[in-house]
Asker: 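So that we are looking at the same thing, I have put the structure below in structure tokens.
All heavy atoms count here, side chains included; hydrogens, waters and symmetry mates do not.
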Amino acid sequence: MNSSELQRVCNWLIDGVWSAQEPAEMIADFCERLVAAGLPLSRFGIFIRTLHPEVFGRNFIWRQGQDVEIGSVDFEVLDTPQFARSPLRVVFEQGIEVRGRASDPDSRRFPFLEEMHAEGATDYIAVPVRFLDGSVHATSWITQHPDGFSDDDIAAIRAVIAPLARVSEIISLRRTAEMLLDTYVGNRAGARILGGQIRRGHNDTMQAAIWLSDLRGFTALSDRLPAETVVEILNQYFDCQVAAIRGHGGEVLKFMGDGLLAVFPIDEYVGDAAHVCARVLEAARESRASVEALAVPVGDVVERFRFGVALHVGNILYGNIGGGNRLDFTCIGPAVNLAARLEKITGRLGRTVVASEGFANVCRHDWHQLGEFPIAGFSKAQRVYGLAEETPVVMA
């Protein structure tokens with residue numbers, strides 16, 4: 001190993017990997033610099049645990065002469081035989097290094113190492129990467145050099161771990177912030193918050209299709225079922241909508257008990273109003289089918305569900321609203337108020353999908369006019385439309 005080149009790699013990490021824009025690019029640059037400094041590295045992996053409700057962690061795998069592979073694993077991996085016999089499990093749980101030379105019979109206890117040895121690996125070492133919060137992550141290093149890693153090579157690997165941990169933690173924290181904001185406030189809102197739109201009064205006017213839905217009979221459901229069961233039902237019910245909304249370009253802004261508020265922005269990047277509203281209607285149909293198919297066994301009874309969704313299109317005020325140091329990134333305006341009022345009408349009419357006149361005029365479809373209804377807070381009665389394909393169902 002060239003000690004001066006190794007120090008340059010450490011300095012590059014400490015300086016913030018200025019030459020790399022994305023994590024995969026950083027990993028490739030990092031490994032190539034180490035190889036140039038004399039480390040006989042053929043494969044490198046870094047495994048970062050994440051703060052995410054579904055994803056256990058992400059991995060980046062570099063192989064000499066190949067693009068960096070990026071993957072993720074969910075929490076189910078923890079219960080697999082592969083993880084139980086993985087050297088990384090030892091790193092995660094005990095925070096210690098694991099060495100596996102091809103000449104060492106003890107390495108056969110790890111099936112992964114046997115696979116790597118069959119592919120020409122002569123030496124392997126997994127090294128823990130500790131973040132400042134105490135969490136343990138992992139790196140793996142493989143060589144095909146006939147003599148394996150030398151003592152100097154191992155010392156070089158250990159030397160770069162600390163600066164690698166710091167820059168990896170910064171990247172991980174940024175990604176965690178993005179994922180948490182995406183999970184709790186939505187992708188578009190999260191991007192704006194990270195972009196600095198964090199002060200009360202930072203708002204924009206945006207044209208959007210508005211989705212406001214509500215579960216029928218939720219109060220009675222909550223009264224007769226245990227709270228834990230109600231939460232599970234709500235999660236499954238929202239799953240029926242969120243996938244369809246996001247799949248058709250929408251963003252869920254808020255869950256309000258059994259209610260859901262989503263917007264589908266209309267701009268030059270996603271298409272005109274007619275195109276966006278057509279996608280909204282398709283999302284509503286998919287959600288309707290999913291909710292109709294939802295059946296939850298509770299004791300000796302199978303619970304079935306209905307919901308209502310109101311669709312409208314108009315200008316909304318989108319941004320930070322709140323008091324003191326507690327803010328909410330949401331949307332307000334007459335268009336949102338009208339959607340909320342129309343959603344109540346779905347229950348009165350026994351309809352799943354209703355649309356405002358504005359939405360129906362933009363989204364050309366086989367609409368059935370349901371009549372004009374006085375709307376609280378609006379000076380004129382509003383004409384409401386339903387899908388001709390739907391048969392009204394009056395809730396008992």
Side-chain angles (χ1 to χ4, degrees), residues 9-10 12-13 17 20 22-37 39-50 52 55-78 80-102 104 107 109-131 135-145 148-149 153-154 156-172 175:
V9 175
C10 292
W12 173 76
L13 290 169
V17 295
E22 299 294 334
E25 185 181 355
M26 184 272 276
I27 296 299
D29 202 348
F30 170 68
C31 293
E32 288 161 8
R33 286 169 182 261
L34 287 175
V35 170
L39 184 68
L41 188 63
S42 61
R43 184 185 187 275
F44 169 81
I46 184 166
F47 308 86
I48 305 296
R49 300 164 70 172
T50 61
H52 191 280
V55 179
F56 171 68
R58 302 178 79 212
N59 55 68
F60 299 82
I61 306 297
W62 173 89
R63 292 180 178 85
Q64 198 164 33
Q66 299 182 27
D67 292 335
V68 173
E69 296 178 11
I70 304 174
S72 63
V73 293
D74 58 29
F75 285 93
E76 293 178 358
V77 73
L78 301 179
T80 63
Q82 292 84 356
F83 183 77
R85 300 180 65 191
S86 166
L88 293 185
R89 180 186 64 80
V90 179
V91 175
F92 286 136
E93 294 181 0
Q94 300 181 38
I96 60 175
E97 294 180 2
V98 178
R99 186 84 177 267
R101 299 178 182 87
D104 185 357
S107 66
R109 63 193 173 107
F110 299 117
F112 171 76
L113 296 189
E114 287 199 85
E115 293 176 13
M116 292 295 100
H117 295 158
E119 294 178 8
T122 57
D123 204 349
Y124 167 98
I125 185 169
V127 183
V129 175
R130 291 178 172 83
F131 284 3
S135 60
V136 177
H137 310 265
T139 57
S140 68
W141 311 72
I142 290 177
T143 184
Q144 294 183 347
H145 190 280
F149 287 123
D153 294 333
I154 297 298
I157 289 172
R158 291 169 178 162
V160 299
I161 287 295
L164 176 63
R166 297 292 75 77
V167 72
S168 297
E169 185 166 15
I170 291 170
I171 294 172
S172 177
R175 178 166 177 81

Asker: For residues Val98 and Val91, report the shortest heavy-atom separation together with the two atoms involved.
Answerer: CG2-CG2, 4.1 Å
Asker: May I ask you to test the Asp29-Ile27 pair for a side-chain heavy-atom distance under 4.5 Å?
Answerer: no
Asker: Identify the two heavy atoms, one from Phe60 and one from Ala24, that lie closest to each other, and give their separation to 0.1 Å.
Answerer: CE2-N, 4.3 Å
Asker: Are any of the side-chain heavy atoms of Phe110 and Leu88 separated by less than 4.5 Å?
Answerer: no
Asker: Keeping Ser107 on the side-chain end and Arg101 on the backbone end, is there a donor-acceptor pair under 3.5 Å?
Answerer: yes
Asker: Apply side chain to side chain contact (heavy atoms under 4.5 Å, CB included) to the pair Arg166 and Leu13, showing each step before the final yes or no.
Answerer: CA-CA 8 Å; Arg166 297 292 75 77; Leu13 290 169; over 6 Å; no
Asker: Set out, in order, the CA-CA distance, both residues' side-chain angles and the distance that settles side chain to side chain contact (heavy atoms under 4.5 Å, CB included) for Phe30 and Leu164, then state yes or no.
Answerer: CA-CA 9 Å; Phe30 170 68; Leu164 176 63; 4.1 Å; yes
Asker: Closer than 3.5 angstrom, by distance alone: can the side chain of Ser86 be matched with the main-chain N or O of Gln82 as a donor-acceptor pair?
Answerer: no
Asker: Looking at every non-hydrogen atom in both residues, tell me the closest pair between Ile142 and Ala121 and how far apart they are.
Answerer: CG2-CB, 3.5 Å
Asker: Check Leu113 against Gly100 and note the closest heavy-atom contact, atom names and distance.
Answerer: CD1-CA, 3.8 Å
Asker: Quick check for you: to the nearest 0.5 Å, what is the distance between Glu169 atom CD and Ile48 atom CD1?
Answerer: 9.5 Å
Asker: Side chains of Ile125 and Ser140: does their closest heavy-atom pair fall under 4.5 Å?
Answerer: no
Asker: Using every non-hydrogen atom in the two residues, find where Pro163 and Ala159 come nearest and quote the distance to one decimal.
Answerer: CD-O, 3.6 Å
Asker: Quick check: does any side chain N or O of Arg43 sit under 3.5 Å from a backbone N or O of Met116, one acting as donor and the other as acceptor?
Answerer: no
Asker: Any chance CD of Glu76 has more than 12 other-residue heavy atoms, nucleotides or ligands included, within less than 6.0 Å?
Answerer: no
Asker: Are Met26 and Val167 close enough, and set up right, to give a side chain to side chain contact (heavy atoms under 4.5 Å, CB included), and what steps lead you there?
Answerer: CA-CA 10 Å; Met26 184 272 276; Val167 72; 4.2 Å; yes
Asker: Can you list the steps and then say if Ile96 with Val90 is a side chain to side chain contact (heavy atoms under 4.5 Å, CB included)?
Answerer: CA-CA 7 Å; Ile96 60 175; Val90 179; 3.9 Å; yes
Asker: Any sub-3.5 Å donor-acceptor pair from His137's side-chain atoms to Val129's backbone N or O?
Answerer: no
Asker: Evaluate the side-chain proximity of Glu97 to Pro128: yes if any heavy-atom separation is below 4.5 Å, no if none is.
Answerer: yes
Asker: Asp123 versus His145: any side-chain heavy-atom pair under 4.5 Å?
Answerer: no
Asker: When you look at Asp104 and Arg99, which way does the salt bridge (Lys or Arg N to Asp or Glu O under 4.0 Å) test go after all the steps?
Answerer: CA-CA 9 Å; Asp104 185 357; Arg99 186 84 177 267; over 6 Å; no
Asker: Between Trp141 and Phe149, is there a side-chain heavy-atom distance shorter than 4.5 Å?
Answerer: yes
Asker: Would you say that Phe131 contacts Arg49 through its side chain, given a criterion of any heavy-atom pair below 4.5 Å between the two side chains?
Answerer: no
Asker: Provide the closest heavy-atom pair for Gln144 versus Glu119 in the form atom of the first, atom of the second, distance.
Answerer: NE2-O, 3.4 Å
Asker: Taking the six-membered ring for Trp and the full ring for Phe, Tyr or His, determine whether the centres of Trp62 and Phe44 are under 6.0 Å apart.
Answerer: no
Asker: For the residue pair Tyr124 and Phe112, categorise the inter-ring angle as parallel (less than 30°), tilted (30 to 60°) or perpendicular (more than 60°).
Answerer: perpendicular
Asker: Which of these, Phe83, Phe47, Phe56, sits in a side-chain contact (heavy atoms from CB on, under 4.5 Å) with Val73?
Answerer: Phe56
Asker: Rounded to the nearest 0.5 Å, what separation is found between the CZ atom of Arg158 and the CG atom of Asp153?
Answerer: 11.5 Å
Asker: If we only count heavy atoms from C-beta on, is the Thr50 to Arg175 side-chain gap below 4.5 Å?
Answerer: no
Asker: If only atom types and distance count, is the side chain of Thr139 paired as donor or acceptor with the main-chain N or O of Gly45 below 3.5 Å?
Answerer: no
Asker: Working to the nearest 0.5 Å, report the span between CD of Glu25 and CD of Glu22.
Answerer: 7.5 Å
Asker: Is Thr143 reaching over with its side chain to a backbone N or O of Leu41, donor-acceptor style, under 3.5 angstrom?
Answerer: no
Asker: Taking Ser72 for the side chain and Gly57 for the main chain, is one N or O donor matched with an acceptor at less than 3.5 Å?
Answerer: no
Asker: For atom CD of Glu32, decide whether the heavy atoms of other residues, nucleotides or ligands shown that lie under 6.0 angstrom number more than 12.
Answerer: yes
